[in-house]
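The basis for the numbers below is simple: all heavy atoms, side chains too, and nothing from hydrogens, waters or symmetry mates. We name chains A, B, ... by the order of the sequence lines, and we start the count at 1 in each one.
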2 protein chains.
Amino acid sequence: HNSTFMNGTGNLMDFLDEPFPDVGTYEDFHTIDWLREKSRDTDRHRKITTKSKESYWELIKSLLDAWSGWVVMLLIGMLTGTLAGVIDLAVDWMTDLKEGVCLSAFYYSHEQCCWTSNETTFDDRDKCPQWQKWAELMTGHSEGAGAYVLNYFLYVLWALLFSFLAVSLVRVFAPYACGSGIPEIKTILSGFIIRGYLGKWTLLIKTVTLVLAVSSGLSLGKEGPLVHVACCCGNLFCSLFSKYSKNEGKRREVLSAAAAAGVSVAFGAPIGGVLFSLEEVSYYFPLKTLWRSFFAALVAAFTLRAINPFGNSRLVLFYVEYHTPWYMAELVPFILLGVFGGLWGTLFIRGNIAWCRRRKTTLLGKYPVLEVIVITGITAVLAFPNPYTRRSTSELISELFNDCGALESSQLCDYVNNPNMSRPVDDIPDRPAGPGVYTALWQLALALIFKIVITIFTFGMKIPSGLFIPSMAVGAIAGRIVGIAVEQMAYHHHDWIIFKNWCRPGADCVTPGLYAMVGAAACLGGVTRMTVSLVVIMFELTGGLEYIVPLMAAAVTSKWVADAFGKEGIYESHIQLNGYPYLDVRDEFTHRTLATDVMRPRRSEPPLAVLTQDSTTVEDVETLIKDTDYNGFPVVVSRESERLIGFVQRRELTVAIKTARQKQDGVVSSSVVYFTEDNPQVAEACDPQPLKLRRILNLSPFTVTDHTPMETVVDIFRKLGLRQCLVTRSG
Amino acid sequence: HNSTFMNGTGNLMDFLDEPFPDVGTYEDFHTIDWLREKSRDTDRHRKITTKSKESYWELIKSLLDAWSGWVVMLLIGMLTGTLAGVIDLAVDWMTDLKEGVCLSAFYYSHEQCCWTSNETTFDDRDKCPQWQKWAELMTGHSEGAGAYVLNYFLYVLWALLFSFLAVSLVRVFAPYACGSGIPEIKTILSGFIIRGYLGKWTLLIKTVTLVLAVSSGLSLGKEGPLVHVACCCGNLFCSLFSKYSKNEGKRREVLSAAAAAGVSVAFGAPIGGVLFSLEEVSYYFPLKTLWRSFFAALVAAFTLRAINPFGNSRLVLFYVEYHTPWYMAELVPFILLGVFGGLWGTLFIRGNIAWCRRRKTTLLGKYPVLEVIVITGITAVLAFPNPYTRRSTSELISELFNDCGALESSQLCDYVNNPNMSRPVDDIPDRPAGPGVYTALWQLALALIFKIVITIFTFGMKIPSGLFIPSMAVGAIAGRIVGIAVEQMAYHHHDWIIFKNWCRPGADCVTPGLYAMVGAAACLGGVTRMTVSLVVIMFELTGGLEYIVPLMAAAVTSKWVADAFGKEGIYESHIQLNGYPYLDVRDEFTHRTLATDVMRPRRSEPPLAVLTQDSTTVEDVETLIKDTDYNGFPVVVSRESERLIGFVQRRELTVAIKTARQKQDGVVSSSVVYFTEDNPQVAEACDPQPLKLRRILNLSPFTVTDHTPMETVVDIFRKLGLRQCLVTRSG
């Protein structure tokens, strides 16, 4: 080979025809270049199209390639749906395990246990003989102070065991499995690389610890983490196809769709899931991804339905059906609930961020296991005495959403019935509240305060934790209280002018369950600042267009109120807290600055580190790489005329020089590095062999002039997903 | 003022501080610059924010400004909903007017007329005495050949009258009111200016002629034109707020939302409307627009419901409820319907485009009124004898979608009943078809052929015409036929292996109405290439998640099949046919070219027309403007060193020179035009006064290097909405 290099400049650098092994990949904690990824995918696609005309085999391969996107979606949907079903079943069983055990089969949850029993009347269903509380099983007594204390003790013990297991597993095996994951997924989808965040271990450990964390009775939900689990599934299946595994841009399209599938199974709302991915999580969401997300969300929802974890062949977590319409005057309490939701959102975000900052900066952060244990202990000890906090949060929400039918046995439905009245089940008029309702109101008020305080401290601990369910619980409790208040007011004062028009005596005019649902939407909206996807998720829960207006009113009010105190939702706040490089689409850039005011280096700093096209030596380049930590360098015509030729990445420059030094004879420290198109003239034989690096030169770097307003620059960065942008003046 | 200009260069050009009256507006049939519009809006917003701190009055004004977006949405929603309601009522009445008249009140439609009658049984509803056909009214005979011929004749006459009125009104008052309007709206939303297309006259005339065209019985629908009507409403309300009327970018955000409101009232599907706007129509759709579109769509839907044109307090056009689930094996006919839909889409697009091209190039286009009259005549003459084409197309679709209940009296439900069977109404087993069904099948087959042929010639005539309803009708007919075939096959051969598992005798296993719905979705998908929004619209019609999978399977199959024959949907094809400048987001740029291969001027052409920063005279500029028709000129350092300084728009250059010549002393033909920052040195007193034009110079023109791949350039154009892009090499 020696002669090739010596006898001139013909194919001097042919060894560079083969791409370096690492070119086109990114280092951990770096940002990807969307434009380049897209361009690489177009190249790949073009190659396959050209090849497909050559033979049948290539044609089949190209068709398989075109279909691989749908196959990935199918796989993601199926795995996500299955995992969600398994999680639901496991959580059900383990939550009930804290209270007792099923004698007929220990792996049955309370509900499953009593299904198989022979008691079929509604009231007895909860008290079937096969299900025994721990105290009953161990001492034979189911009543009395002793049994209560024993049950209490075991409840707390189980909770501590579950949460200890969860936090230990996370710490030992997959530190990335903690939290809700949505802030990180937003950052990853915007083009950041966090290796291992969506890995197989994270998937496995997050699934297991999510079950443990939810079962431990902590004030957290499984919805956010399910999105993370779905994205891990997406990443897993990406690795099967080189189209996705080798292109970070395409991979992110799959992940966006996976996020939709995650929400789809979390709430049983496929359309809501797609809109959630579009509105809340995704960064780059082309139409193709919209279709595929929808497909993945549907497959996931149907897989979950086939598993049927709730045993009611419903897709949705909280299925509700209301029998009465709402009235215009009710918009006032709905909007008040929206205000409450906005205030709760502000309080939660401020409190939680302050606490998380404290965790980051003080000794607290050093003992995550202890923190989890202490919070679990407090939660369990305070939760047990109150029936509304003892049960799982999703059951609580479900009960609060429900309309009081004739057969309802819950304390919340303890109304004074009119004995000589025979009405159809669906149309029960407003009745005065009985003592049970008043007890329930007190307990709910206490539960509300407890939930508000404990959730602030729970979210962000080192275990998987979502905040959809706790937020919804806070809103549902507040909503139900308001709903009962309005209902009783309307019953006792139906001669008041506001009630006169829509609430005659004997009519069913107020549905407290609807207030609970509106409150839940408002609180969730206040915390996350979702609007459309939130309303659509709620719409898919009820299936009725009628209640969209109340939901919309509450969601929009809550967003406005919360935005008045601070523009950022909880996810953006956590992104900021963790210092992830995330360029929010919603931020508005209000300063009137130009690119020249913002660009580096500033006037006081040393001049820009550049390479020249034909006068830098290998040694100069190596010194430059050693002395600076820039990710790339502009290449200019010469030091005198600094006109831009192109841009070279630090990573590729390092690899190229290293490879050339090893493989190419004659390249020494004093070799001149050429970026020009023409072959360099080797003037004398004694001159060292030049190194030609035009191959790694990006000839189309993105430039703006120094007079470009910064809002335009930010817009360009957002829309094109740039990694860097060069500022020029007259070239 | 003379002294100011003579004594130096201090504030030479102060008169240019005031913007020219026309700066920032665009000429008709030009493309807007999204980046500039966005930057102008940011400026405006910044000014208002600064001012709002000065006084309470300004603060209130700034709050009003912030809320104006929601106010516009509210107004659009209300007007769109009202217009849709009025159109529905008028169409109902006028369609029935072709057959007869209500004696109790001439402005009642057939259905309304019989509501008020005393006959309450289901069968007699259609035959109430107050409603009289024309023959009955005029001759007293309702039966016999004479009455039939008279009815036939009057039916055709009314149809000809309506369509003649429609086409004349369109031709005389608002030529833009013809067609569906969606291709033009897509183009406008992508940044093109067509003045008057969304004007008040167009709104008025389109609303009136839409009623006439639909009532005339032509094979067209009101859904596409309703989107146009909604966009006209949007444009109308934009003019109330300078925020929207003076910024073409912001105006387009409002129009996107208006399009969503249009679809929302067309189908009673608010979520589907938003997704339609997002998937099919819009170009730039930020999150803010998503929320506002949703709001507008909801308001529109509720206004329509308040008007209640269908008299069933349902929002939706075709409300259906099915009682049986679908089975896996049915996916085969569903996918076959998808294939049919794709083939229909291809046939329709090719046929319609060929016919429209013919209309454009031959004598045919000269006689639009005659064309409409002839097509109406043919349609009416052929449609009357067949009961399935005689009625309005939406009634036909509605009947085809319906499941045959026990009370159904239609010919399509003429099954042989098992007499000794008493089952609940909802659960009727599969039965053998009676003679009525076989007659219906023949009539439907004829109607199918008729609709397929006539729709190709109808769409694109000079009257308002949408193709959603005709496409859905074609699909619904085909689907119903397939559905009945499968049903009868399953009944007569339930021992076949494919039926054995899911269709025991006496079970209700096949719902022909569902097949009709799947077929409608497939055909609509084949023509428009919608997927997600289509499925969501259909989902909102049925309200059940269960049927999403069949719909999705058919929609995706239809899209794939149609895409195999040509990537473009009907709207894109019409955009191309009319030569609108539309850059499709979905097109993939597959050629491997660089910016240098595509840029103008090419090598063989005369060199680039540029201005220099300090050596061009006023006369040179005027010559350049006269000799060329470019929309703008790059400004370079000098002829020798053509380094780019900025870009100047032709329009602004013309205005600036004209203004200077009129208002500024000393500016003559030999004055030098300066674009530099420093004030020009007036060397000698005898030199003519220089003209400084830096104010109109765009200092941040968008540039790419000559080596940039074209797919990147196209991507940049799409995402940033550029008007032009300069190609540079080393500046």
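- Contact annotation for B:K719: both backbone and side-chain heavy atoms come within less than 4.5 Å of a heavy atom of chain A.
- Neither the backbone nor the side chain of B:T728 has a heavy atom closer than 4.5 Å to any heavy atom of chain A.
- Classified by interplanar angle (parallel below 30°, tilted 30° to 60°, perpendicular above 60°), the ring pair A:W560/B:W70 is perpendicular.
- Ranked by heavy-atom pairs under 4.5 Å with chain B, the list A:V536, A:V556, A:L278 is led by A:V536.
- For the atom pair OG1 (B:T531) and CZ (A:F295), the distance works out to 12.0 Å, reported to the nearest 0.5 Å.
- Of the inter-residue distances, the one linking A:F302 atom CZ with B:M552 atom CE reads 11.5 Å to the nearest 0.5 angstrom.
- With a threshold of 4.5 angstrom between heavy atoms, B:V299 does not approach chain A through any atom at all.
- Of all the listed residues (A:I645, A:D706, A:D715), the one sharing the greatest number of non-hydrogen pairs under 4.5 Å with chain B is A:D715.
- Ranked by heavy-atom pairs under 4.5 Å with chain A, the first of B:T703, B:V532, B:L644 is B:V532.
- When all heavy atoms of B:S700 and A:T705 are compared, the closest pair comes out as CA-OG1, 3.2 Å.
- Heavy atoms of B:V704 lying under 4.5 Å from chain A are absent altogether.
- Note that the CZ atom of B:R729 and the CZ atom of A:R643 stand 11.0 Å from one another [nearest 0.5 Å].
- Applying the 6.0 Å contact sphere to CZ of A:R44 captures more than 12 heavy atoms from other residues, nucleotides or ligands.
- When heavy atoms are compared at a cutoff of 4.5 Å, A:V636 does not approach chain B at all.
- Residue B:L594 does not touch chain A at all, counting heavy-atom pairs closer than 4.5 Å.
- The line from CD1 of B:I716 to CG of A:L35 is 5.5 Å long, rounded to the nearest 0.5 Å.
- Distance check: B:H45 NE2 to A:E711 CD gives 11.5 Å after rounding to the nearest 0.5 Å.
- Note on A:P701, A:S730, A:P709, A:G646: by heavy-atom pairs under 4.5 Å with chain B, the leading option is A:S730.
- In this structure the side chain of A:T712 never reaches within 4.5 angstrom of the side chain of B:L720, judged on heavy atoms.
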